[in-house]
Structure formats: C-alpha cells, structure tokens
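Note sheet for the following structure.
Bear in mind that the values here come from a model prediction, so they are computed numbers and not experimental data.
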Amino acid sequence: MILLTVCRKWDMVEGKDKKGERKYEKILSFFLYCLIVLTLTGCGGSSGDDISTYTYSSELDIKNLDSSDTDDQCSLRAIHTVIDGLMKTDKKGNITYGIAKSEEVSEDGLTHMYKLRKDAKWVNGDHVTANDFVYAWHRIFKNKGNYYYMFADGIASIQGAQELSDKIDAGEELTDDDLDKMGVKALDDYTLEVKTNVRVSFLNELLAFPCFYPINEKFAEKQGSKYGKSAKTILGNGAFKMINLEPGSVAESKKNENYYDQKHVKLQRLVMKLVQEPKVAAQAFEAGETDYAPINSDLVDKYKEYDSFKQVYDGFLFYISINFKNEDLANLNVRKAISYAINRKYLCENVLKDGSQVVKGFIPSGLATSPCGVDFRKDSGDFTFYDKAQAQDLLNEGLKELGKSEITLRITYGTDKSPMGVFATYLQNALSKLDGIKVEMVATTKQDRIYNKQKNGDFDLATTRWGPDYGDPTTYLTIALSTNSSNYGKWSNSEYDQLVGQVGVESNVTKRWQEMKDAEKILLDDYAYIPVFEKGAATLQNPKVKNLVIKPCRTISFEYVEKTE
C-alpha cells in the first residue's frame, strides 16, 4: 500500500521541474529501501508494540492437561506452562529446583529426601504439599496412564513401581494397598521421600518431566473425569494460569501473580495457537500476529534469508517401524536393503532443509554422555550407510531366499504432522529405484496410523518418530522390548530383553553404559528398526524475543521469555 501511494505521487509530478523530480525520486527510493528491509527481516510479534504478550503457533493440538494421562508434545508443553514439578528448567535449559528447594541423598543413592518450598501454592491458594506428588504418582497407575512405565525399573526404578506395572500389563486392577507399596511417601507436608531400587543418576531430570508433576487431590477428585479437559478443570501452580482452552484453536494463559518465582516472569499473557498449518503460521508471523511459527521444508527457501529464520534441534528421532509379521520383511537382507537404499545426507540437506541431521544409530547425538564424558552416539559407533548398489545386491539375495522376483511394501504415514509426508515420499522414491520392490502409499492421520493401523499390525513399513522423555539411552532402547506396548512391529529378541533388563538394575555406571551399547548393537545389527534422521525444526522467531528455552528431552519453557521494544 505504501509503495502504491508513492508511485501515484510520482505519476502526479511526472513532467514537473527537475528539482521536484529529484525530490520525489529520493522519497520513492527511501520507501523502496524500507520495503526491502521489511521483506528481508520479516515482521513477527504478537501484538505490534505489546511486549507483555507472547504468541506461539503449533502444528499440534492439545489432548488434555492431565499429566497422568496425556502423552503428546503439545499437551505436555501446555502443562509445563501452568504446573511446576519438583525440578524444572532454568534460563539456560539446565535442570534446577522447582517445587523442591533442596534434596538429600542416602550414601547408597537409593533414598532421596526432597524438602518442598513453603511459598509454592496452587492458584486457588492451597499450598503445594508432598501429598500432591504421592497422589499424582499413584493416580497415573490407578488410571493406567500412558507414562506409568517411566516409574518402573530401567527408568526411574522407584521401589514397587515395577510390580504395579506388571499387574497393569497382566490386566489386574490395583488396590490402595498395592499403591501404598510404591516407594514414594509424604513424611510431612513439605518432605517427600522417594526410594529407588538402584542408583538413578538422571532421576532429577526425570522429575522435571510432566508425568512426575503434582496434582491437587481435592480439586482433581471434585472434577472427576473432567479433570484437565478445560481451563476451568485444571489447577496450576506454575508461572502462568490457564484462562481459556479451545482444543483445535487456542490456549490462553495469564501470569500467575502468586507464583513463587514470579520475579523472572516478564510476560503478562501467553497465547498458543493450535493446529496451524506451517503456511498459515508463516503468514500470521509476517502479519505480526505470532512470535513463533514452525515452517516446513517447502517454505525454507523463501524465509532462510530472514533475520527471524532459526533452525533448532528438537531431539526427535525419525525412523522406519517394520512389521515382522510380514514374511518379506522378516527377511534380514530385505531389511538391510531398505536401509542401504536411503541417502540420509541428501534427504536432510536437499529435501528437508530444516537443520535435520543424518542419524548414525538408534540413539541420537547429544542425548547422553558416558562416565568419561563421551557422547553415546560417538562412543557406540555408526550403523547407517548409503550404498545403492549394495542395497540392490542385498535385495536380490533376499528375494532369492524368499523365492520371489518382486515384493510389494506399503508405506504408512500420517499427513497431519510435517515432515512425515516429505519423509514418506522420499522413502517411496528411494525404494522404487530398486528392482524388485513395488511401493504402495497409505496416507492417514497420526492417530489412525498409531492406534489403528500399527497397533493392529495393519502395516508393512511405517514412518514414525520418537522424542526423548529424558536424557538416557533407555528412553529409546525400551521401545524395542518385546513387552513394550509401543513395539508395534513385534520384533522380539530374548538376548536384547535380558540385556535391557540388566541395564535397569545395574548400579555400576561403567558396566551399565557398555550394556546399553551392546543392546543398541543387537537392535541395529538385526535392523529391528531403521533410523533415518535426527529432526531439526525450521522456525520463524520474533527477533525482539529473548530467553525462550528450547532443549531436547525437555519441553519448551516460556517462563523466562522477554520481549524488547
């Protein structure tokens, strides 16, 4: 509009004296310069000059705000904005004390005594007590929540949790007596005792994850099945208070004036725009309607020169899940051929273009370090390779063993979460270059892919992903256990099960590290899963915003966000 107005003024003075011509030529040049600068830097910002509001766009929706039930990224992110756990994330993304103000650990490392802050309150004025944690941890087992396995052996290893998990897996109902045997006790209102079966070096990092958050018993019991389903049925104790929740549209929160750590909270309002397509989010960003917009690979070339363009590492492993009930895929050479046919470097650099990296194993880089300080990925070695000629040789050998000249494989993928469609399309092209494979595409939604097709074994190859829940290799290794409900492909290896089980009870950290390396080798030597890339995220971020904390294994923290003039 500015450019159009200036051009019209230029038309009006055309033919006038040279002095006036030069004057308007300068005006036009100035406005053209401003327009170019705006184009290159991008706009961004939720409300123009409103530095008290931060708006975040998400491709995903919020399932609910019940920390004992939900397991999706967007819901966990929303819960994190309104509830603090014993531990939380500081401004630099490190784990620090939250509701806990101190911790004492027994000499054998099995008993943790957490002293709680007395100034931490729920938004209704109730003090946050040790019983709120006991109730929440019991509740996740009682309700058979998605993350109850994280309390059991191999992860948090809390005493009694494995027995509770076994009963749930066997279809048994838990009693109050069963729950009381769990190693979490409220010694008084502000002292929480947690007992583990083995020394868990990353326990405090686990306790910053939402499934370990507290829940106000009196409030939750009053809400019943409605708990966490709306802004009115969630009670928080965190930096923000949820005031509006419209699934599929928006979640709005305001600053919690009674928050114990509110001196760090600069925002007055936080808005999460839900289920936004990347193109729509980018348009909203350019219009100044949002401060954070995730974009997909189709938009990277358009925005990569913007000052607001940022690539962030989000910690997700994208991989191929294989159905071992399919006799063709049960052949090792066929599985190896699929892996060797994937040019991961080309996919990351020329197709995704969002900062994604080639993955060398099933445990992504940067997740965990050895007792000697070496990254697991570097220490464990490389398991992924690209060689089209070798892929064809492997396929030929596999077809010979199967007694077939050609096989047909379905690639099942969800279209509602980028870059799954791009990933699946690339995989189709890569496999189609091999003689002897016919590829069929099965496009669906993420929920249908997981809970209908994969869960019921109705797939051949599925493009999927897994985000780390905590900074230890077991967050990935446990997926492949024959007893894990997420092992949809039904791969089973007794040696692997035994080894990962040993990891869960191993107190010697050096021996435990080696056992995890050995377990990954068993997994990938058999091509139980085919890891493809470590996901990066291409985003547009308001340059006037600072202190947005984005760390793999930990949800985004908005607590420290500050917007400048």
Side-chain angles (χ1 to χ4, degrees), residues 1-7 25-51 53-60 93 271 273 276-316 318 343-358 366 417-423 425-426 533-552 556 558 561-565:
M1 180 62 77
I2 292 174
L3 181 60
L4 179 61
T5 302
V6 173
C7 287
E25 185 177 14
K26 289 180 179 179
I27 293 174
L28 179 59
S29 297
F30 172 75
F31 276 98
L32 284 171
Y33 169 78
C34 291
L35 186 63
I36 292 170
V37 169
L38 283 172
T39 301
L40 289 176
T41 59
C43 300
S46 58
S47 304
D49 296 327
D50 181 8
I51 63 173
T53 298
Y54 182 81
T55 303
Y56 174 90
S57 294
S58 171
E59 285 185 87
L60 305 174
V271 179
K273 294 185 176 181
Q276 284 214 317
E277 291 289 333
K279 185 176 181 179
V280 174
Q283 291 171 343
F285 184 88
E286 289 203 66
E289 297 170 356
T290 188
D291 296 297
Y292 183 104
I295 61 173
N296 57 23
S297 55
D298 293 339
L299 298 171
V300 168
D301 289 340
K302 177 180 179 180
Y303 292 105
K304 64 183 179 182
E305 299 302 325
Y306 281 41
D307 290 344
S308 51
F309 177 77
K310 303 290 181 185
Q311 290 179 327
V312 298
Y313 177 54
D314 68 8
F316 277 89
F318 277 65
N343 188 336
R344 294 165 176 82
K345 188 174 187 294
Y346 180 85
L347 170 63
C348 292
E349 295 180 358
N350 299 292
V351 180
L352 298 173
K353 297 181 291 188
D354 58 2
S356 293
Q357 306 171 41
V358 173
K417 178 67 178 80
S418 64
M420 282 301 183
V422 175
F423 177 19
T425 300
Y426 169 80
F533 62 93
E534 301 174 18
K535 178 69 169 64
T539 68
L540 299 177
Q541 298 185 40
N542 186 348
K544 295 182 178 180
V545 170
K546 61 181 182 179
N547 302 330
L548 176 67
V549 179
I550 305 176
K551 285 284 185 176
I556 287 181
F558 302 99
V561 167
E562 186 174 355
K563 292 174 70 174
T564 58
E565 295 285 356

(message) Could you check whether any side-chain heavy atom of V358 comes within less than 4.5 Å of a side-chain heavy atom of F533, counting everything from C-beta outward?
(response) no
(message) Tell me the closest heavy-atom pair linking S57 and Q276, and the distance in Å.
(response) OG-OE1, 2.8 Å
(message) Could you tell me if the side chain of V351 sits less than 4.5 Å from the side chain of V422, heavy atoms only?
(response) yes
(message) To check you understand the geometry: which heavy-atom pair defines the closest contact between S297 and L352, and what is its length?
(response) CB-O, 2.8 Å
(request) Calculate, to the nearest 0.5 Å, the distance between atoms OG1 and CG belonging to T425 and L347 respectively. (result) 11.0 Å
(message) Pairing donors with acceptors under 3.5 angstrom, does anything connect the side chains of S308 and Q541?
(response) no
(message) Tell me if a side-chain donor or acceptor on Y54 pairs with a main-chain N or O of V545 at a distance below 3.5 Å.
(response) no
(message) Quick check for you: to the nearest 0.5 Å, what is the distance between K353 atom NZ and I295 atom CD1?
(response) 10.5 Å
(message) Is it the case that the side chain of T290 and the backbone of T55 share a donor-acceptor pair, with hydrogens and angles ignored and the cut-off at 3.5 Å?
(response) yes
(message) Can you confirm whether E277 is buried at CD, in the sense that more than 12 heavy atoms of other residues, nucleotides or ligands lie under 6.0 Å from that atom?
(response) no
(message) Any heavy-atom pair between the side chains of P278 and P294 that's under 4.5 Å?
(response) no
(message) Ignoring hydrogens, what is the shortest heavy-atom contact between A293 and A281? Give both atom names and the distance.
(response) CB-O, 3.5 Å
(message) Between Y292 and F285 (judged by ring centroids, cut-off 6.0 Å), do the two rings come close enough to count as a pair?
(response) no
(request) Examine Y303 together with F309 and report whether their ring centres are nearer than 6.0 Å. (result) no
(message) Checking S58 now: which residues fulfil side chain to side chain contact (heavy atoms under 4.5 Å, CB included) with it, not counting sequence neighbours?
(response) Y56, L60, C74
(message) Using modelled atom types and a 3.5 Å cut-off, is there a donor and acceptor pairing between side-chain atoms of K273 and backbone atoms of E289?
(response) yes
(request) Search all heavy atoms of G536 against all heavy atoms of D354 and return the closest pair with its distance. (result) O-OD2, 3.2 Å
(message) Minimum heavy-atom separation for D291 and T53, please, with both atom names.
(response) OD2-O, 3.7 Å
